[in-house]
Number of protein chains: 2
Amino acid sequence: MTKNTRRDEIVRTAAILFKKKGYSAVTMRDIADSLDIKASSLYNHIQSKQELLEILVISLAEEFINGMNKIMNLPISASEKLRLAIDFHIDITIHNNEALAALNNDWMHLEEKLPYFLKMRNDYEQNFRTIIETGMTSGEFVKRDVEIVLFSLLSTLRNLYLWYARKGRVSEDTLKNNMADTLLKSIFST
Amino acid sequence: MTKNTRRDEIVRTAAILFKKKGYSAVTMRDIADSLDIKASSLYNHIQSKQELLEILVISLAEEFINGMNKIMNLPISASEKLRLAIDFHIDITIHNNEALAALNNDWMHLEEKLPYFLKMRNDYEQNFRTIIETGMTSGEFVKRDVEIVLFSLLSTLRNLYLWYARKGRVSEDTLKNNMADTLLKSIFST
DNA sequence: GTCTATATAGTGATAGAC
DNA sequence: GTCTATCACTATATAGAC
């Protein structure tokens with residue numbers, strides 16, 4: 001993933017700038033300036049600005065989908081799946097902070113790959129919904145409006161990339177434990 | 001607020017487009033096209049694209065601050081304040097859906113008014129923090145990491161504009177009751 | 001209040017020298 | 001792998017006619 005080539009340097013720089021100002025407000029000259037080269041030099045390593053967005057958003061979305069699919073196929077309870085899914089989401093947030101900003105905020109600027117992205121996004125959400133519904137049916141979770149619980153959970157997870165960048169130095173494990181506890185407490189039936 | 005002048009029509013149109021693509025990706029031509037006029041005609045009603053952003057973001061932020069200040073000054077318990085604050089946030093979300101998207105996602109493109117906005121945003125967050133801390137001290141809320149509870153609560157409220165636009169036809173009262181219940185359950189000590 | 005015409009400054013991207 | 005030079009296009013915004 002992080003193979004210190006020039007190309008990856010460009011991708012990482014783009015991610016940082018996309019996070020700060022958004023895809024549309026970042027110019028190829030901005031990216032080049034950050035690397036102390038000229039904008040035209042970027043094109044020796046990447047094909048287009050759009051490609052930078054695709055690299056960031058699509059590969060991260062695939063990582064989400066693959067990890068989630070593994071969790072869904074485990075022979076464990078709904079509450080155990082939920083705990084794993086939350087931890088997994090926190091993991092990605094911590095290790096792909098900048099790319100996650102692009103995924104959250106700039107996906108609508110994807111062109112060719114937009115439908116593919118939307119399918120992955122929808123599948124990811126559906127997996128969470130299934131976990132919550134299963135847990136409510138089995139009595140592990142308190143019965144409440146599924147969509148509201150789902151929305152509240154996903155909102156918190158999706159915004160985590162901002163909060164983690166700000167609070168910085170809380171350890172990964174502390175974050176996972178506290179966050180998971182807080183989120184899970186709101187739905188456990190006991 | 002909604003005084004059907006041409007100017008307000010332009011502001012409303014801009015808000016809808018800003019929500020869809022973000023401030024930077026929306027051109028004055030896009031706004032003009034939506035109104036079936038030429039881009040140059042817009043400048044008879046507004047001064048600049050930046051002014052459109054300011055009108056949307058700053059006036060809404062002021063509404064948030066004013067409402068929150070009133071709640072903070074009421075002689076009521078922390079849990080009552082929290083319930084009112086959540087309801088108030090939901091109120092604004094429902095009635096200013098598009099402008100709220102700009103406030104959430106495009107505030108960093110403010111220029112002159114950016115410091116003013118950041119102060120308001122910080123004050124709003126601090127008020128929520130005070131409520132949570134007071135409630136934990138008094139024993140109304142279960143003692144947990146204040147910042148994580150605060151973050152989770154604000155994430156859900158800030159994302160609500162997206163969810164409400166999608167789910168559409170759930171009544172305002174149903175939403176308030178279900179959402180407030182779900183959010184509050186996670187922190188009440190009983 | 002809207003139009004046409006235009007000024008001025010970017011924008012993403014390419015060609016070709018070094 | 002980076003540069004200079006440049007293209008074709010688009011951006012915000014203004015001036016002045018109707």
Side-chain angles (χ1 to χ4, degrees), chain A residues 2-58 98-99 101-102 105-114 117, chain B residues 2-58 102 105-114:
Chain A
T2 311
K3 290 175 304 179
N4 255 20
T5 64
R6 195 65 162 142
R7 182 185 155 98
D8 287 322
E9 241 182 320
I10 292 170
V11 171
R12 272 198 304 278
T13 303
I16 292 168
L17 293 174
F18 289 170
K19 179 178 179 182
K20 205 179 299 180
K21 306 201 293 175
Y23 175 76
S24 302
V26 173
T27 70
M28 296 304 274
R29 282 166 180 81
D30 290 335
I31 299 171
D33 282 351
S34 289
L35 292 161
D36 264 312
I37 57 175
K38 297 290 173 185
S40 58
S41 302
L42 296 171
Y43 291 89
N44 208 57
H45 307 279
I46 52 125
Q47 298 230 345
S48 63
K49 185 185 175 188
Q50 173 73 197
E51 191 192 2
L52 287 173
L53 185 64
E54 288 177 0
I55 293 169
L56 290 169
V57 174
I58 299 296
E98 277 84 18
N105 306 320
D106 287 317
W107 57 266
M108 73 283 279
H109 300 117
L110 286 170
E111 292 164 12
E112 202 191 341
K113 307 229 178 212
L114 180 59
F117 170 80
Chain B
T2 312
K3 289 175 305 177
N4 255 19
T5 63
R6 194 67 162 142
R7 182 185 155 99
D8 287 321
E9 240 181 320
I10 292 170
V11 171
R12 273 197 305 277
T13 303
I16 293 168
L17 293 174
F18 289 170
K19 178 178 180 181
K20 206 179 299 179
K21 308 201 292 175
Y23 174 76
S24 302
V26 173
T27 70
M28 296 304 273
R29 278 181 247 280
D30 291 334
I31 299 170
D33 282 352
S34 290
L35 292 161
D36 264 310
I37 57 175
K38 297 290 171 185
S40 58
S41 302
L42 295 172
Y43 291 89
N44 208 58
H45 306 279
I46 51 125
Q47 297 229 344
S48 64
K49 187 185 174 188
Q50 173 73 197
E51 191 191 2
L52 287 173
L53 185 64
E54 288 177 0
I55 293 169
L56 289 169
V57 174
I58 299 296
N105 306 321
D106 287 316
W107 57 265
M108 73 283 279
H109 298 116
L110 286 170
E111 294 165 11
E112 202 191 341
K113 307 230 180 210
L114 180 59

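Quick note on labels: first sequence line is chain A, next is B, and so on, each numbered from 1. Values below: every heavy atom of this structure, side chains too, minus hydrogens, waters and symmetry copies.
- Between the E98(A) side chain and the L17(A) main chain, no donor and acceptor come within less than 3.5 Å of each other.
- Applying the 3.5 Å distance criterion, the base of dT4(D) shares a donor-acceptor pair with the side chain of S40(A).
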(request) Report the C-alpha distance between I10(B) and L35(B) in whole Å, list the side-chain angles of each, state the deciding distance to 0.1 Å, and finish with yes or no for side chain to side chain contact (heavy atoms under 4.5 Å, CB included). (result) CA-CA 8 Å; I10(B) 292 170; L35(B) 292 161; 3.7 Å; yes
Short N/O separations, protein against nucleotides 6-11 of chain C, under 3.5 angstrom:
none

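- The phosphate of dT14(C) has neither OP1 nor OP2 within less than 4.0 Å of any side-chain N or O from Y43(A).
- One can place NE2 of H45(A) at 6 Å from C1' of dG1(D), the figure rounded to the nearest angstrom.
- What separates CG of D33(B) from P of dT2(C) is a distance of 14 Å, to the nearest Å.
- Taking all atoms of both residues into account, the shortest heavy-atom contact from K38(A) to A32(A) is C-CB, 3.5 Å.
- Nearest heavy-atom pair across L53(B) and A102(B) is CD1-CB, 4.5 Å.
- Look at R6(A) and you'll find a side-chain N or O under 4.0 angstrom from OP1 or OP2 of dT2(D).
- Taking all atoms of both residues into account, the shortest heavy-atom contact from Q50(B) to H109(B) is NE2-O, 3.1 Å.
- Annotation: side chain of L56(A) is not in contact with side chain of D106(A) (no heavy-atom distance under 4.5 Å).
- Taking the charged nitrogens against the carboxylate oxygens, E9(A) and R12(A) have no contact shorter than 4.0 Å, which rules out a salt bridge.
- The distance between atom CG of L42(B) and atom C1' of dG1(C), rounded to the nearest whole Å, is 11 Å.
- Distance, D36(A) CG to dG1(D) P: 17 Å, rounded to whole Å.
- Pairing each heavy atom of W107(A) with each of L114(A), the nearest pair is O-CD1, 3.6 Å.
- Rounded to whole angstrom, the span from the CG atom of N44(B) across to the P atom of dT14(D) amounts to 12 Å.
- The CD1 atom of I46(B) sits 13 Å away from the C1' atom of dT14(D) (whole-angstrom rounding).
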Please list, for nucleotides 16-18 of chain D, all pairs of protein and nucleotide N/O atoms separated by less than 3.5 Å.
none

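- By the 4.5 Å heavy-atom criterion applied to side chains, R6(B) and I37(B) are counted as neighbours.
- At whole-Å resolution of the value, NZ in K38(B) and C1' in dA11(D) are 16 Å apart.
- Rounded to an integer number of Å, the gap from I37(B) CD1 to dT2(C) P is 5 Å.
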